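I have placed the structure first, in the form of structure tokens, so that the comments after it can refer back to it.
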Amino acid sequence: MNENRRQILEMLSAGQVNADEAERLISAVEKDPPPSNGSASSPKAKAKYLRVVVESEEDGRDHGPVKVNVRVPMQLLRAGVKLAGLIPAQARDQVNAAMREHGMAFDLSQIRPENLEELVEQLNDLSVDVDVDDADKAKSKVKVKVFCE
Amino acid sequence: MIPLLAVVHVRNKRGPGLHLWVPLFLLWLLLAPAILLLSPLILVACLAGRVDPLRALSIVWQVCAGLTNTYIEVSHPGVSVLIRVV
């Protein structure tokens, strides 16, 4: 939660403002965010690469950490999305049906380069922590980071 | 620009490592006449699939060009593999 919003909510809880005023203040703060120092105020540069970093911390005996570092050019992803558009309609239906069978109700024809741009915009820094607990292996933690640069 | 070189680096603690430079430009040179020979078939396939052949060609070219600067590294204390396309 950002600092301004927290202050407004504190004012609301202290009874200094009523709910309507607090709502107006929050919407004003959201509409006009304060300029922060440095690069955040400047328009964000277009992402060139999609990075996937996987780091595992194994507790096991002579095993060490496993690291995966993948850098995929965005140009390749964009071309891949365009390539999906070349799939003939019959084949596309078959792919959609197969994906639906596996629990992914997804329409390939809906994938467009614009969607990819939207996805990338949202994908500022995604980090997923996965706990792996195998019966024959020591307990380990895996951190998966997906981000653009 | 399509990639001209791929570097494959395999490092193994127990055995000798492997450092390969794959000249992709030679692959493109070999593929070019093959594609030229197969172009009538590709054209027929595109028309059968109701795909604009020029658009298909352009997208395939973009995919090839997009491979440039791809970097994949998987490392384990025992083995590590690095693939770099330049």
Side-chain angles (χ1 to χ4, degrees), chain A residues 46-95 108-109 111-113 116-117 120 132 137-138 140 142-149, chain B residues 1-15 17 22 24 27-28 31 35 38-39 41-86:
Chain A
K46 208 173 181 183
K48 281 181 83 178
Y49 301 103
L50 176 77
R51 291 276 311 273
V52 180
V53 179
V54 182
E55 285 176 3
S56 80
E57 304 160 6
E58 289 190 47
D59 293 344
R61 311 97 200 179
D62 59 340
H63 298 289
V66 177
K67 284 183 184 172
V68 177
N69 182 5
V70 179
R71 188 182 71 188
V72 184
M74 291 303 297
Q75 197 188 345
L76 181 62
L77 294 180
R78 287 188 196 104
V81 170
K82 285 181 193 166
L83 197 65
L86 288 183
I87 299 173
Q90 297 147 329
R92 199 183 299 144
D93 291 343
Q94 285 182 6
V95 171
L108 270 185
S109 61
I111 305 178
R112 295 198 172 89
L116 188 72
E117 300 301 331
V120 166
V132 182
K137 263 187 159 185
S140 62
V142 179
K143 191 167 201 167
V144 182
K145 275 185 93 180
V146 183
F147 58 97
C148 294
E149 63 177 24
Chain B
M1 178 83 177
I2 55 170
L4 302 175
L5 195 76
V7 181
V8 181
H9 192 183
V10 182
R11 206 178 48 205
N12 195 340
K13 246 187 179 178
R14 289 172 192 158
V22 185
L24 292 176
L27 183 76
W28 306 133
L31 273 177
I35 290 170
L38 289 172
S39 56
L41 278 178
I42 295 169
L43 188 70
V44 170
C46 285
L47 294 176
R50 291 177 186 176
V51 173
D52 180 2
L54 287 177
R55 187 165 167 253
L57 196 70
S58 150
I59 290 172
V60 170
W61 179 266
Q62 284 175 44
V63 169
C64 290
L67 283 169
T68 311
N69 291 329
T70 300
Y71 179 92
I72 299 166
E73 184 188 5
V74 181
S75 67
H76 187 269
V79 186
S80 76
V81 181
L82 188 149
I83 300 169
R84 198 155 53 97
V85 183
V86 284

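Chain naming here is simple, since letters A, B, ... match the order of the sequence lines and numbering starts at 1 in each. Bear in mind that the values here come from a model prediction, so they are computed numbers and not experimental data. For the numbers below, each heavy atom of this structure counts, side chains included, while hydrogens, waters and symmetry mates do not.
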Mark yes when over 12 heavy atoms from residues, nucleotides or ligands other than [X] sit less than 6.0 Å from its [atom1]; otherwise mark no.
X: B:W28; atom1: CH2; value: yes
X: A:Q90; atom1: CD; value: no
X: A:R51; atom1: CZ; value: yes

- Query: For the side chain of B:R50 and the backbone of A:P88, is there at least one donor-acceptor N/O pair under 3.5 Å apart?
  - Reply: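 Not confirmed, B:R50 side chain does not pair with A:P88 backbone.
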Give, as side chain, backbone, both or neither, the part of [X] having an atom under 4.5 angstrom from any heavy atom of chain A.
X: B:T68; result: backbone
X: B:V74; result: both
X: B:A65; result: both

To the nearest 0.5 angstrom, please state how far the [atom1] atom of [X] sits from the [atom2] atom of [Y].
X: A:N69; Y: B:S80; atom1: CG; atom2: OG; value: 12.0 Å
X: A:L76; Y: B:T70; atom1: CG; atom2: OG1; value: 5.5 Å
X: A:K67; Y: B:E73; atom1: NZ; atom2: CD; value: 8.5 Å

Closest approach of [X] and [Y], non-hydrogen atoms and distance?
X: A:K82; Y: B:Q62; result: NZ-OE1, 2.9 Å
X: B:P77; Y: A:P65; result: CD-O, 3.5 Å
X: B:G66; Y: A:P73; result: O-CG, 3.1 Å

- Of the listed residues (B:N69, B:V85, B:V81), which shares the most heavy-atom pairs with chain A below a 4.5 Å separation?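 Going by pairs under 4.5 Å, I would pick B:N69.
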